[in-house]
Amino acid sequence: MKRLTFLFALFVLVANAALAQTDDTSMPNDDGTFTADGYRNNRKLGRSDSIQSQHKEIPRGMKVWTIDERFGDRKAAVPDTLSYMFMNEGLTTGLRGEYNVLGNLGSPRQNRIFIDRALPSEFLFLDPYSMFIVQPGNFQFTSTLSPITVLTYNTAGNRNNGEDRFKAIFAVNAGKEWGFGFKFDYLYGRGYYSSQSTSLFNYSMWGSYLGERYQAHLLLSLNHQKVAENGGIANDAYITHPESFHDSYSEEEIPTVLKQNWNRNDNQHVFFNHRYSLGFFRKVPMTAEEIKAKEFALKSHKAQAAEKDKEKARRQAKARGEKFDEEAYDKTKRSAGRPDDAVIAGDVPQAKKDTTTVSGSDRMTVNLEDSTQMANLKKKDALAKDSTQKWMKDEYVPVTSFIHTLRFDNYRRIYQAYDTPTDFYAQNYFNYGSAANDSIYDTTKHWALKNTFGLALLEGFNKWAKAGLKAFVSYELRHYTLPSMATPSGATVSLYNGEQTWNQHDVSVGGQLLKTQGKTFHYDVSAEAWVAGSRAGQVHVDGHADLGFPLLGDTVQLAATAFFHRSAPSFYMGQYFGKHYMWDNNLGQEIHSRLLGEFSLKKTRTKLRVGYDVLKNYTYFGIQNDRVQSGDNYLVQHNNLNVRQSGSPISLLTVQLQQDFRLGIFNWQNVLTLQKSSKEDILPVPTFNAYSNLFIRFRIARVLDVDLGVDGRYFTNYYAPEYIPGIGSFGIQETEASRTKIGNYPLLNAYANFQLQHTRFFIMFTHVNCGDGGRYFYTPHYPLNQRLLQFGISWNFFN
């Protein structure tokens, strides 16, 4: 009751504060620009703290973009300030429920839609935390007309088992070229099931310089993840058949397989890209946004000059001992100066005859003796010329760019356990002391330093330059640290013997051909080949093309994406040394090719994707374990993990339809996905996956945007990958007797989503259809949370 009262009070405070702000549609432009166009015109959007500048207007607008990690090319992005789907942004299951998760906020996850699954990274232990960790290529840089602060807070549950996430973003510009900002993100999920807490922390700082010849982007990021591991519940029947037990159990009372087990990850990242361009200047019209910015600057400059003159007059009156009459001064200033329609005597020479100008059927007669008429004509010509010049700008057109990109990543992972069940692991490779013990402290460290140097001939500098051409060379140095062991003379068990290290380096070369300008056809083809080092022989070829054209009053968009990747598996798939998991493999390079086509109709809100993947030497984890019944629970025993590599090719077909309907205030959005894997025992995916969102959208009192609706997620049952606490990743279930299916369970959320000027907030009941006997598992043996009330708020401040 206290929590509901607090939420209600917070809503009232938010509403009262936001009503003092101006109306805002808060919709981005097509290029991802968030500008002042969304705000009501001719309104005072802010007031200065200075008494001397009264009713000063605060300029509002923000551009957001991402950059290419290799070349630093900018791509417009949509800022995270929109209310649409805001209620789902904080869900670990993803915006449309497409991820398998362990249930708790911020827990490890894996995408069920294979074509949307990110490619494996070198430090594979962080791949399951894609919800929280943002790669440089996806990070949003900013340019703002005034400082902006975005505060976001999501919460659910109580102090014992609840979930909280707080995120703060601040962005500011120092002039037109310099942009700076920082992001603070903290997530804490206590967990509704025992030994399931998550604590994730991120702090990022960024800066950008966008000059005419020189451009640079810098990103610094610190991350920490601490996740308690419970190994899943001891018996799925606590969820699926609670009536089979003599006692009823709440979520926190259900026994789990593990306790006092943790995965810890610490990582730091530095990304720096800069480029210098050679080119020339040309005159081009200003954009509407630039015109508004210049008008504001001119107005501000004029107001400051007037205020200085007024202050000077005030000081002079005081020096003379006179009382300064502010009203008389303002009246004098308003009447002073030359009116817009004033005529200067003698400005037009006198003539004794009429001149007639004829152009086609239009005829204009000018009396040269009428100096007023000639003055007006002369003034109009001057104003037209002045207006044309006034709203033109010098644009620098780069022709050739010299590019350098540096990336440094530093990782450390610790798997720590104080209490491990008897016979839980099949193998015990070493101990940390002279006596056998059940404690675990597996560690590994890795850092990578990569430099890329590129040369670009840019498209668009003249009408013949229809495409851009780039070439690059990269050098990467990688360092790895794993435990070492030694077997003393006469001993039967090895002991921890410090650390052993590996160094690897690679040299790669490549190029890119692309066309991004124009409205009809675009393409991008890039290739990279590793020519020296431990991964010599790797080849990556990526291509994308899109075509847009009108058809029967609609806009058709066709796109095709294809790639061919021959890549070495992660170092950790080849070598790993831990207390209970160990391997030293000689793996072949994986070959992964994909062809993906997209077809979309803008008016009918239809989008169709068809993808086909072929994988050879597909590398994955295979997990083996026995589940032995002991009373009401099952004991997990003889747990073992191996790295597998499929010798024969695997094919996977994906068909996805996205169809949205709208009738007045009613909206129905659907994403339906069909998948078929040729080897379900190695690459399992659900045959059918669906997301549906039914809601009404309306506005109250012309200021409060409201979405009321219910959305649902569903996928057919399949042998989903099992989560492996000891490695912090997902693996294929290989023990036939203990294989478990999940799926065939709809999950519904009911929500109310609001936006009031700069404030977004929502109330949502997740898992409203929860009931006894439900099979609400999104990972084998890891149930989702039951019915839960969630609240979130995000507030944008312009200063």
Side-chain angles (χ1 to χ4, degrees), residues 78 84-85 88-89 91-101 109-120 130-131 138 522 542-548 551 554-565 592-615 618 650-662 667-680 683-695 709-721 730 742-749 778:
V78 177
Y84 172 67
M85 297 290 280
N88 287 351
E89 288 182 2
L91 297 180
T92 312
T93 53
L95 201 64
R96 294 176 174 85
E98 64 272 28
Y99 283 89
N100 285 353
V101 299
R109 66 180 192 172
Q110 185 182 62
N111 202 320
R112 290 190 301 276
I113 312 302
F114 186 77
I115 59 174
D116 293 332
R117 190 179 298 177
L119 298 176
S130 59
M131 172 189 178
N138 297 322
H522 313 93
D542 297 84
H544 175 81
D546 62 81
L547 174 66
L551 179 65
D554 204 345
T555 301
V556 178
Q557 188 77 25
L558 299 177
T561 301
F563 66 69
F564 174 85
H565 290 178
H592 183 187
S593 57
R594 171 179 295 168
L595 181 61
L596 175 65
E598 296 185 10
F599 169 82
S600 63
L601 293 173
K602 188 174 182 179
K603 284 188 176 180
T604 62
R605 305 169 184 264
T606 303
K607 183 177 180 180
L608 177 67
R609 295 200 300 170
V610 180
Y612 186 70
D613 290 79
V614 177
L615 302 97
Y618 176 64
I650 304 172
S651 60
L652 188 142
L653 176 65
T654 305
V655 179
Q656 184 179 83
L657 174 65
Q658 181 174 337
Q659 181 62 65
D660 298 345
F661 302 96
R662 184 176 182 180
N667 295 266
W668 187 24
Q669 301 173 343
N670 302 275
V671 181
L672 311 176
T673 307
L674 294 174
Q675 299 179 104
K676 179 59 180 176
S677 171
S678 63
K679 291 190 176 181
E680 293 283 353
L683 184 56
V685 291
T687 302
F688 178 66
N689 191 95
Y691 173 79
S692 187
N693 183 19
L694 181 64
F695 64 99
V710 176
D711 66 347
R713 306 135 184 82
Y714 173 85
F715 59 92
T716 53
N717 57 6
Y718 74 114
Y719 291 109
F730 291 85
I742 63 169
N744 197 26
Y745 179 82
L747 189 143
L748 303 178
N749 295 342
Y778 270 25

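This structure is a prediction, so every number in the text was calculated from the model and none was measured.
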Rounded to the nearest 0.5 Å, how far does [atom2] of [Y] lie from [atom1] of [X]?
X    : Y    : atom1 : atom2 : answer
H565 : D542 : NE2   : CG    : 3.5 Å
L747 : D711 : CG    : CG    : 9.0 Å
N670 : R605 : CG    : CZ    : 12.5 Å
L748 : L694 : CG    : CG    : 11.0 Å
I115 : T673 : CD1   : OG1   : 7.0 Å
T606 : F661 : OG1   : CZ    : 7.0 Å

Relative to Y778, does R109 satisfy both conditions: NZ or CZ under 6.0 angstrom from the six-membered ring centre, and within 45 degrees of the ring's axis? no

Any chance the rings of Y618 and H592 have centres within less than 6.0 Å? no

Measuring centre to centre across the rings, with the benzene-like ring taken for any Trp, is Y718 within less than 6.0 Å of F688? no

Check: [X] side chain, [Y] main-chain N or O, donor-acceptor pair, under 3.5 Å:
X    : Y    : value
E598 : Q557 : no
T555 : K602 : no
S651 : S678 : no
D554 : K603 : yes
R594 : G611 : no

Please give me the minimum heavy-atom distance between [X] and [Y], naming the atom from each residue.
X    : Y    : result
E98  : L95  : OE1-N, 3.8 Å
L91  : N749 : CD1-ND2, 4.0 Å
Y612 : V614 : CE2-CG2, 3.4 Å
Q675 : P686 : NE2-O, 3.4 Å
L652 : T654 : CD2-OG1, 3.2 Å
V556 : L551 : CG2-CB, 3.7 Å

Mind checking whether [X] and [Y] have side chains closer than 4.5 Å, heavy atoms only?
X    : Y    : value
I742 : F715 : yes
S677 : P684 : no
D613 : L683 : no

Could you give me the CA-CA distance, side-chain angles and deciding distance for Y99 and S130, then say whether side chain to side chain contact (heavy atoms under 4.5 Å, CB included) is met? CA-CA 10 Å; Y99 283 89; S130 59; 4.1 Å; yes

Intermediate values then yes/no, side chain to side chain contact (heavy atoms under 4.5 Å, CB included), F599 and V610: CA-CA 9 Å; F599 169 82; V610 180; over 6 Å; no

Flag the pair R96 and D116 as a salt bridge only when some basic side-chain nitrogen lies within less than 4.0 angstrom of an acidic carboxylate oxygen. no

Run the side chain to side chain contact (heavy atoms under 4.5 Å, CB included) check on L608 and V655 step by step: do they pass? CA-CA 8 Å; L608 177 67; V655 179; 4.2 Å; yes

CA sep, side-chain torsions, deciding dist, call: Y714, N744, side chain to side chain contact (heavy atoms under 4.5 Å, CB included): CA-CA 7 Å; Y714 173 85; N744 197 26; 2.7 Å; yes

